[in-house]
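Below is one structure, written out as structure tokens, with a few remarks after it.
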Amino acid sequence: MKITRSQLANACYHAAEILQTPLYYFCNHLIGRIKTVLTPGKFGNCNDKTLEVIRRITLILFSPAIVGGVIVCSPLYLLMYRLGDIALGTIPYLRIYGSYQGEKNNNFGTFNMSTLLPTMTLTDGVEYSDARLSEIASKIQDFHFICGQEVDGASARFFARKLHSHFCEFYTYLGKSNVPYLPSGFFFAVKEPVKNVTLIPYQGKVQKSIRRVLTIFELEAYCVAVTHLDGGLGAQVHIDEIHQIASHLKTISKPVILCGDFNEDRYQHSPAYQAVTEHFIDYIAKSPNVVITCTDALEKERYGNETPPTELSIDYILRRKSDTIELSFTGTVYDFN
């Protein structure tokens with residue numbers, strides 16, 4: 001039996017995910033645990049404070065072995081990741097098939113999954129576990145499609161297994177990677193076959209670590225575009241990227257739904273947000289209530305940071321002004337970390 005390039009890439013990426021485990025453990029279960037405030041029964045702490053102290057001392061004593069695992073496995077992880085990129089060749093994504101063959105529906109979502117990337121605990125204060133991934137899966141299983149950002153390959157593979165009967169196709173490793181840096185972190189799951197996938201890297205002054213691209217999925221009746229704009233490079237970079245998005249989407253004849261994390265607070269009415277509304281209709285802004293889509297409240301509480309948490313509205317559901325497709329914003333879900 002002949003092995004396809006996609007199967008070879010899948011095997012390489014899977015090996016890379018396993019080799020990344022020591023780094024995940026070091027960042028999240030060692031450093032994240034030690035940094036966590038000593039509040040019994042909260043943030044994954046033991047119910048007894050003394051037991052939690054003993055647990056942390058034990059983690060510190062075993063930390064040299066964990067660091068050794070990181071040193072040994074990380075170069076191999078990067079190698080296997082690079083081999084996966086090479087195996088894919090000109091195909092800039094890994095597709096995993098599901099078994100869903102039911103009816104379409106009109107519900108969809110976009111979700112930055114609180115950093116399902118190696119430093120998720122340190123970055124957002126969340127506890128990385130199969131239980132958390134299962135809870136996320138239960139929230140997204142009924143959508144016709146879900147656009148995910150900041151999702152690593154291991155988490156995407158978990159969702160593909162858990163939601164195999166709920167979706168027709170899953171997409172991960174979109175845009176490959178800037179080895180030895182990070183891929184785009186995009187994840188896409190849909191209940192119908194995708195006709196075509198187009199990835200367009202942003203041009204100009206863009207971040208060199210995380211791969212920043214515009215990804216377009218052509219479905220039967222419309223296209224879904226997903227993006228995650230650069231963070232921390234200034235307003236002009238966002239403006240340039242937004243205009244690039246509009247320019248590329250002008251060439252598409254089907255209606256387009258644009259989703260993603262723009263790192264721009266819609267309520268600040270910044271020049272970048274004005275660029276968004278120049279080209280697109282912002283459906284979340286139509287809500288009569290203020291809609292918060294990002295906060296560092298959990299991180300600050302978990303690590304005992306006394307400064308007030310930030311609350312931002314940076315996730316978007318848009319359509320081109322020229323399209324006639326109608327969308328309606330139905331709300332957000334906040335009931336898990």
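Values in this document were obtained by computation on a predicted structure and should not be read as measured data. Position 1 is the first residue of the sequence; numbering continues from there.
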Verdict with reasoning, F167 to Y100, per ring-ring contact (aromatic ring centres under 6.0 Å, His included): CA-CA 5 Å; F167 291 99; Y100 181 82; 7.6 Å; no
message: Looking at N45 and V37, would you say the former's side chain and the latter's main chain have a donor-acceptor pair under 3.5 Å?
response: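 Looks like yes, one N/O pair under 3.5 Å.
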Expected output: side-chain E264 to main-chain S270 donor-acceptor under 3.5 Å: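 No, E264 side chain to S270 backbone: no donor-acceptor pair under 3.5 Å.
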Nearest 0.5 Å please: distance from the [atom1] atom of [X] over to the [atom2] atom of [Y].
X    : Y    : atom1 : atom2 : answer
T36  : K42  : OG1   : NZ    : 12.0 Å
L19  : S74  : CG    : OG    : 9.0 Å
I242 : L214 : CD1   : CG    : 12.0 Å
I86  : R5   : CD1   : CZ    : 9.5 Å
S99  : H166 : OG    : NE2   : 9.0 Å
F186 : F217 : CZ    : CZ    : 8.5 Å

With the threshold set at 4.0 Å, does a side-chain nitrogen-carboxylate oxygen contact exist between [X] and [Y]?
X    : Y    : result
R319 : D323 : no
E52  : R55  : yes
E241 : R212 : no
K321 : E278 : no

Tell me, do [X] and [Y] make a side-chain contact under 4.5 Å, heavy atoms counted?
X    : Y    : answer
D282 : Y273 : yes
I257 : Y222 : yes
H29  : E127 : yes
T215 : S184 : no
F262 : L318 : yes
N112 : I314 : no
F188 : V190 : yes
F280 : L258 : yes

message: Quick one about D261 and Q149 (side-chain donor to acceptor, distance below 3.5 Å, no hydrogens or angles considered), yes or no?
response: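 There is no such pair between these side chains.
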- request: Check the hydrophobic clustering (I, L, V, M, F, W, Y; side-chain heavy atoms under 4.5 Å; chains of links allowed) and say if F187 and F158 are grouped together.
  value: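 Per the 4.5 Å side-chain linkage, F187 and F158 are co-clustered.
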message: Count I, L, V, M, F, W, Y as connected when their side-chain heavy atoms are under 4.5 Å apart, and connections chain through other members. Are I200 and L229 then in the same cluster?
response: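 Result: yes, single cluster for both.
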- request: Hey, can you tell me if Y128 and Y24 have their rings parallel, tilted or perpendicular (30° and 60° cut-offs)?
  value: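 Ring orientation, 0 to 90° scale: perpendicular.
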- request: Please work out whether the ring planes of H279 and H243 are parallel, tilted or perpendicular, with thresholds of 30° and 60°.
  value: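 Ring orientation, 0 to 90° scale: perpendicular.
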task: Please say whether more than 12 non-hydrogen atoms of neighbouring residues, nucleotides or ligands are located less than 6.0 Å from NZ in K162.
output: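 For K162, atom NZ is not crowded (no more than 12 foreign heavy atoms under 6.0 Å).
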message: Tell me whether L61 at atom CG has more than 12 heavy atoms from other residues, nucleotides or ligands lying less than 6.0 Å away.
response: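 Yes, enclosed.
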message: Could you check, using the six-membered ring where one of them is a Trp, whether F143 and F108 have ring centers closer than 6.0 angstrom?
response: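 No, they do not, as the ring centres are separated by 6.0 Å or more.
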message: Please find the pair of heavy atoms, one from M80 and one from A15, that lie closest to each other, and give the distance.
response: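 Minimum heavy-atom separation between M80 and A15: CE-CB, 3.9 Å.
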- request: Mind running ring-ring contact (aromatic ring centres under 6.0 Å, His included) on F329 and Y283 for me, showing each step along the way?
  value: CA-CA 6 Å; F329 173 63; Y283 281 88; 9.3 Å; no
field: ring-ring contact (aromatic ring centres under 6.0 Å, His included) partners of Y13, counting only residues at least two apart
entry: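 Only Y81, Y173 meet the ring-ring contact (aromatic ring centres under 6.0 Å, His included) criterion with Y13.
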message: ring-ring contact (aromatic ring centres under 6.0 Å, His included), that's the test. Do F159 and F170 meet it? Break it down for me.
response: CA-CA 9 Å; F159 293 140; F170 303 86; 8.7 Å; no
query: Given H144, which of E192, E103, K104 fulfils the side-chain hydrogen bond (donor to acceptor under 3.5 Å, both in side chains) condition?
result: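 So the option named by the test is E192.
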